[in-house]
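Take a look at the structure below.
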Amino acid sequence: MALAFCGDEGNSTAYNVDHGVLNNGCFVDALNVVPHVFLLFITFPILFIGWGSQSSKVHIHHSTWLHFPGHNLRWILTFILLFVLVCEIAEGIVSDGVSESRHLHLYMPAGMAFLAAITSVVYYHNIETSNFPKLLIALLFYWTLAFITKTIKFVKFCDNGVGFSQLRFCLTGLLVILYGMLLAVEINVIRVRRYVFFKTPKEVKPPEDLQDLGVRFLQPFVNLLSKGTYWWMNTFIKTAHKKPIDLKTIGKLPIAMRALTNYIRLNEAFEAQKVCKASSSPQGSRSIWRALCCAFGRPLLLSSTFRILADLLGFAGPLCISGIVHNTKIIGVFFISSQEFLSNAYVLAVLLFFALLLQRTFLQASYYVAIETGINLRGAIQTKIYNKIMQLSTSNMSMGEMTAGQICNLVAIDTNQLMWFFFLCPNLWAMPVQIIVGVLLLYYLLGISALIGAAVIIVLAPVQYFVATKLSQAQRSTLEYSNERLKKTNEMLRGIKLLKLYAWEHIFHSSVEETRQKEMTSLKSFALYTSISIFMNAAIPIAAVLITFVVHAHLTRKADFSPSVAFASISLFHILVSPLFLLSSVVRSTVKALVSVQKLSEFLSSEEIGEEHDKSSELRSGDNHSKYQAVVSNCLICRKKKSALKLVFCFLFLSTLAQITNGFFTWTPEGPPALSNIDIRIPQGQLTMIVGQVGCGKSSLLLAILGEMQKISGNIFWSRCTRKRKRGSVAYASQKPWLLNATVEENITFESPFNKQRYKAVIDACSLQPDIDILPHGDQTQIGERGINLSGGQRQRISVARALYQQTNVVFLDDPFSALDIHLSDHLMQEGILKMLREDKRTIVLVTHKLQYLPHADWIIAMKDGNIQREGTLKDIQKSETELFEHWKTLMNRQDQELEKTIIESKTVLERTNLRRTMYSREALLKDDEEDEEEVTESDDEDNLSSVLHQRAKMPWSACGKYLSAAGILLLPLLVLSQLLKHTIMVAIDYCLALWTSDGFFYIFSILCCLGIVLCLVTSIAVEWTGLKVTKKLHSSLLNKIILAPMRFFETTPLGSILNRFSADCNTIDQHIPATLECLSRSTLLCVSALAVISYVTPMFLIALVPLAIMCYFIQKYFRVASRDLQQLDDSTQLPLLSHFSETVEGLTTIRAFRYEAKFRQKLLEYTDSNNIASLFLTAANRWLEVRMEYIGACVVLIAAVTSITSCLYNELSSGLVGLGLTYALMVSNYLNWMVRNLADMEIQLGAVKRINGLLKTEAENYEGLLSSSQIPQNWPDRGEIQIQNLSVRYDSNLKPVLKHVNAHISPGQKIGICGRTGSGKSSFSLAFFRMVDTFEGRIIIDGIDIAKLPLQTLRSRLSIILQDPILFSGTIRFNLDPEKKCTDSMLWEALEIAQLKHVVKALPGGLDAIVTEGGENFSQGQRQLFCLARAFVRKTSIFIMDEATASIDMATENILQKVVMTAFADRTVVTIAVSTVSATFLM
């Protein structure tokens, strides 16, 4: 065939120029080539020589990136230009299809223009990244020439009568407009940047973010093509495959995306709402919604626009399939209309390809913008919540109105609900458009029968909504039971030592199992409704297609039922079903978002600490506000003049730091005053001690001074001035030690600059050096959450050390000696409080029960029942309160004598004990370190980097096998076979449709559809049933293993790690793995079946499939590694964030006392940004995958279409099979990315199975004994005689002994005291009685029976012990005293009376059935210790062990208690372990 630019026909007039050169069409086309050749000629040396040589030597950093004016518009216009040029090329080829020779001028100029357009944008990008605009002059000339030449062609078309009916005329007109607009953009760059034709060019710097080398999230800064395809992520994904991703790898967030920026934007929106609407509830739900829309509405509108465009482009698939199947022919004339152009099957295939590319790009852009907006919104709301927490009234927390858990739920759950609502929000606008257009197109194709099919889907939509509602209810119910189970599991794990010592494991095991059974019932409902939902998702399209086609066939008598109609209709039904399925999710998400905003509104409206208005006026104005108003009012009136005089006297003549006058303080506005008639002063630069019995309000007084309590009346004054002033920073150590999840050093320095000398002095004053030596990494050891890996005394001393280290003028210490022995207490008092603080003239307020230190006090405040009993110096109290002073003197003298005796006797012993403990711990640690080093060396030799990377890239098939094997022999084959059979039937249905449209396979099609619907139900039930069986088995096995694990396991395994197995991992196995497994199997089998069908229809497709499959393999391989790392990073960065919220709530009083709110806010911003950057990278990685997979899917569609058309034209392939192949090709495009995403999700989720299987290998304690129950007397031990023979004890077989060759004999009824320094082995000795430690030598004989021969349950149930740390469980007082329900009420009241608690419990509503909150937080530390004493008294065993049981009790109560215990335990053997001989000798 001849080939020439203008054609080579014998009588051709192509070269005729008689009417002028410009009237010759071929010449005009040749003229149009000139600008493109010019650009290629000019830019080639610059692009391939200039930048090529530069990039090989110097890497241009992204800080040089700068967008010129009109950047996005230029890219959009270029994309449109490229599309129009492709259409022009196609039009030229199609119109040249009939002649014998080829007329290159019809499409060659367009081809050159296409190359030039690509070159122009590449050239522009390189100039932009190097910020060298002068080289843009080449593009200015190019756009000018292209515009002129294309305008000449357009004018000549008009002159020769070519009009809109010809496609070439329309395309030429479009090109004139596009070249003109690009020329205008270029001129605008010159106008703004002044790089040419101006004397002084405008210098522009790159964005501040890009000048920061730490910013690696480049989505906002890259060009439009890179934004749309996430091309900038390529380097990141490849790097992730070479080394693991960490926070350093992902860098910092751009400024516009940081939490602070978004918080400021949100806060401005809130303030605008307050100004616009001065309502009584400025934080109401409606105002919050308005503020959210105002702050984040614009990107949401952009996302919705992208989504609507994507949905409209989605209809190109069915329409093009219809056109391709209907028009498998080629036409050709010189000038063709648009209708003739679109009648070409190949043209439709190319248009379908471009439509798919554009649709997927818009869809992913919509997803990204929506998720990015949601992440920004989440960060802003979390910051706002945190700022509110910092101002929150303490009473909200202490009185249970708002728990730490509720606040953490607000942060962890409700902010995420709002984020996901914003993600799904574009569907609210896009779904109606999609449904309306879908129904209209179906009606166009099928007529009235389409409405019947659509009606089936729409009628079933309420059923879907009902199922979705039930699913949501089941999920909510499951979540409630899950929370209850986790609460019980948490309490069980926190109190595991007590449970084992009291042999109560079975009680709590049964309790957890009972809750788990309720949870399983909810999970069954959840699984049922999930399987129905999955079934409906799969079955409704089949049912709709069946009904529609049957009705259509009968109505039209099969006259108008072609393959083009059939397969286009199937594609439309699939499109139509998607928004209706999504409707339930969107509605649920909307409801959850409304609830979350309501919760947020309530939280933001809660009372703040800063609201220090005087409430006395309010109380006087309304009679019903408080029953205490009369008392308050009278006090105010009676004391007004007296208080004024006293105030003037105190502040003028005495050096006073703080003063309270006429103070009435409460925790709740409606409740009674916790503190009444408070008139005190705190002398400046002196030591003030606050003393009193347990529960008299000492700690409350400290908090009242700090402004943490609600003031009913009175005034708090700081400094010497009589006017109110804001107090400065106060170093505050609370009674319950509050520690950060940080190193020991960071907890002590507490954001202050590190001073080595002062740090060392503080460590010495608090006697922390021996404890630091014990820790694995010294003072760099990470303290677990709530100091879980430290003892009570260590936590207390670190908390005090923090207060000592600070350079504040005021120090408040709330009972710092409660968990310390007599030596540590005295050392802390002498070296810390007196030497470090008082000698520096710092003001110290000390709450204590240690009355022996009263002589050191400059000022004493004695409290009783929430009132000030007496205030003054010790001499003042001696004169005025003789009885009180004598009582103190008795206790002080006794303690001083004991202190002197113990110091003299045990000074050298103390030194030896310290040395032994230090050496022992160091040796043990050195040994462990050596072993660790050996293991690391071996592992380093065995596992090099490549094998580690290989492991990261591998799927955890072993965990998958364990999961599936847990399903059982029957379920697994059912699951596999049902899935295979279902997809085989699906293929058969579509194949039958292809044959039916050709040959009339009506009944077979109907039967297969019905069978397909049944199999959809079977597969959905099989998947969920499998999930239920596995989750039940794994949780039961895990609980049984953990509850029976030895105590050493809990001491070496972090509690949070164990709890995560029961919470996050069990939740993953319960709810996520079944759904992911179903989705993965469905998407994989759909892709495999689709590729099989296409290959069957057109075997030529297999040639193109190989490179596409290789691309898919590498994309998924790289993606899975990056996705897993980013998912783990997202989770791991969320934990510190939630932990920071939890720590802040728990330590709120300490943070506010120190005035460290700003520092903690800054930490919050850092944690939030870290979590957000991980989330954004994960989102970008998901979009990176989906864009590539969907582009590959589009390539599959293009190849399938071209091969099908070719086969149909030349091999006489039936049009039905062409439609079948194209329909399945579109399916590949839809499900390919889902397959890879689900594979990545499954890989992450199987990690939960792997971790739980790891814990299932834990060895249990040996609960069996050598003696049977019949061989053990029922009342053993009845006498309480203990013989200890050559006893040696260790905590583990690879650790050194803690007790060596101990021999002792304790007679029945004898009272024994065991004293010694911390670490001397006292507690280990007590644990040996319960076989909680490894007794590797010797034995303990109790009443003639060797305890090693007894079953553990029997041994532990026959002894009683009280631990140092008081442990109470949530429930009732009755349950805490007697969980086995063996005692009568009279026995319980007797135990409470012995423990000095009868009056406290009687005053509570419900008495014995009064509620105990989690951890016993509604009782003071001392009261909790007394409850533990009462619990032990209830058991009435012959042997009673007390392990520092009175550490948190004031001396007066302890004195009474000792006398009562002497009487109650007269006939029992009592072993008392004490840090002071005061507590021990009273029993001897």
Side-chain angles (χ1 to χ4, degrees), residues 699 731-750 752 755 758-806 808 811-838 844-850 853 899 910-911 913-914 917-918 921 1146-1147 1150 1153-1154 1316-1320 1322-1323 1364-1366 1421 1443-1444 1447-1448 1474-1476:
S699 298
Y732 172 63
S734 57
Q735 183 182 23
K736 184 182 177 183
W738 172 71
L739 300 180
L740 296 169
N741 189 3
T743 63
V744 174
E745 183 189 299
E746 287 167 343
N747 268 280
I748 293 171
T749 56
F750 198 54
S752 296
N755 182 320
R758 182 168 186 79
Y759 180 75
K760 194 174 179 183
V762 168
I763 292 289
D764 179 61
C766 297
S767 307
L768 276 169
Q769 194 57 52
D771 302 282
I772 287 171
D773 292 337
I774 290 172
L775 296 172
H777 304 290
D779 61 359
Q780 297 306 308
T781 302
Q782 195 82 5
I783 295 175
E785 193 177 349
R786 299 181 182 178
I788 191 70
N789 52 345
L790 300 176
S791 69
Q794 288 168 335
R795 292 197 292 268
Q796 186 79 61
R797 280 178 286 144
I798 290 173
S799 177
V800 173
R802 176 199 297 146
L804 295 183
Y805 184 83
Q806 305 305 309
T808 56
V811 181
F812 281 12
L813 303 173
D814 191 354
D815 203 5
F817 310 119
S818 60
L820 308 185
D821 61 39
I822 195 75
H823 309 288
L824 292 174
S825 298
D826 190 60
H827 186 77
L828 176 60
M829 186 70 195
Q830 295 297 331
E831 298 297 320
I833 296 171
L834 298 179
K835 190 175 178 181
M836 287 191 73
L837 299 180
R838 193 159 74 167
I844 312 144
V845 180
L846 173 66
V847 171
T848 184
H849 294 139
K850 305 280 184 182
Y853 300 134
L899 178 62
L910 176 63
E911 290 171 358
T913 305
N914 269 333
R917 181 173 70 165
T918 306
S921 56
E1146 288 170 5
T1150 305
F1154 276 84
R1317 180 62 204 275
T1318 304
S1320 60
K1322 306 183 302 295
S1323 295
Q1364 178 185 2
D1365 293 328
Q1421 183 85 356
D1443 188 357
E1444 300 182 35
S1448 300
V1475 290
S1476 68

Which atom of V762 lies closest to which atom of A801, heavy atoms considered: CG1-O, 3.4 Å
Euclidean distance, D771 CG relative to T781 OG1, rounded to 0.5 Å: 11.5 Å
Atom pair CD/CD1 of E745 and I763 - distance to nearest 0.5 Å: 9.0 Å
Distance in Å, L828 CG paired with D826 CG, rounded so as to fall on 0.5 Å steps: 9.5 Å
Where Y853 and S825 come nearest, the two heavy atoms and their spacing: OH-C, 3.3 Å
Donor-acceptor pair, side chain of E746 and main chain of T743, under 3.5 angstrom: yes
Shortest non-hydrogen contact from Q806 toward T749: NE2-O, 3.1 Å
Trace of the side chain to side chain contact (heavy atoms under 4.5 Å, CB included) decision for M836 with R758: CA-CA 10 Å; M836 287 191 73; R758 182 168 186 79; 4.1 Å; yes
Side chain proximity check, I798 to I748, heavy atoms < 4.5 angstrom: yes
Gap separating the OH atom of Y759 from the CG atom of L768, nearest 0.5 angstrom: 8.0 Å
Heavy-atom pair with the smallest gap, counting every atom of T808 and V811: OG1-CG2, 4.4 Å
Criterion side-chain contact (heavy atoms from CB on, under 4.5 Å) against P816, the qualifying member of L804, V847, L846: L846
For S767 against H827, the heavy-atom pair lying closest together: OG-CD2, 3.0 Å
Side-chain touch D764/Q769, heavy atoms, less than 4.5 angstrom: no
Donor-acceptor contact below 3.5 Å, side chain Y805 vs main chain N755: yes
Residue pair F817 / T848: nearest heavy atoms and the distance that separates them: CD1-OG1, 3.4 Å
Any R838 side-chain heavy atom under 4.5 Å of I833 side chain: no
Rounded distance [0.5 Å steps], CD in E1146 versus CG in L739: 10.5 Å
Heavy-atom check, side chain of D814 versus side chain of K736, under 4.5 Å: no
Parallel, tilted or perpendicular: ring planes of F812 versus Y732, cut at 30 and 60 degrees: perpendicular
Distance, nearest 0.5 Å, that separates CD of Q796 from CG of D815: 7.0 Å
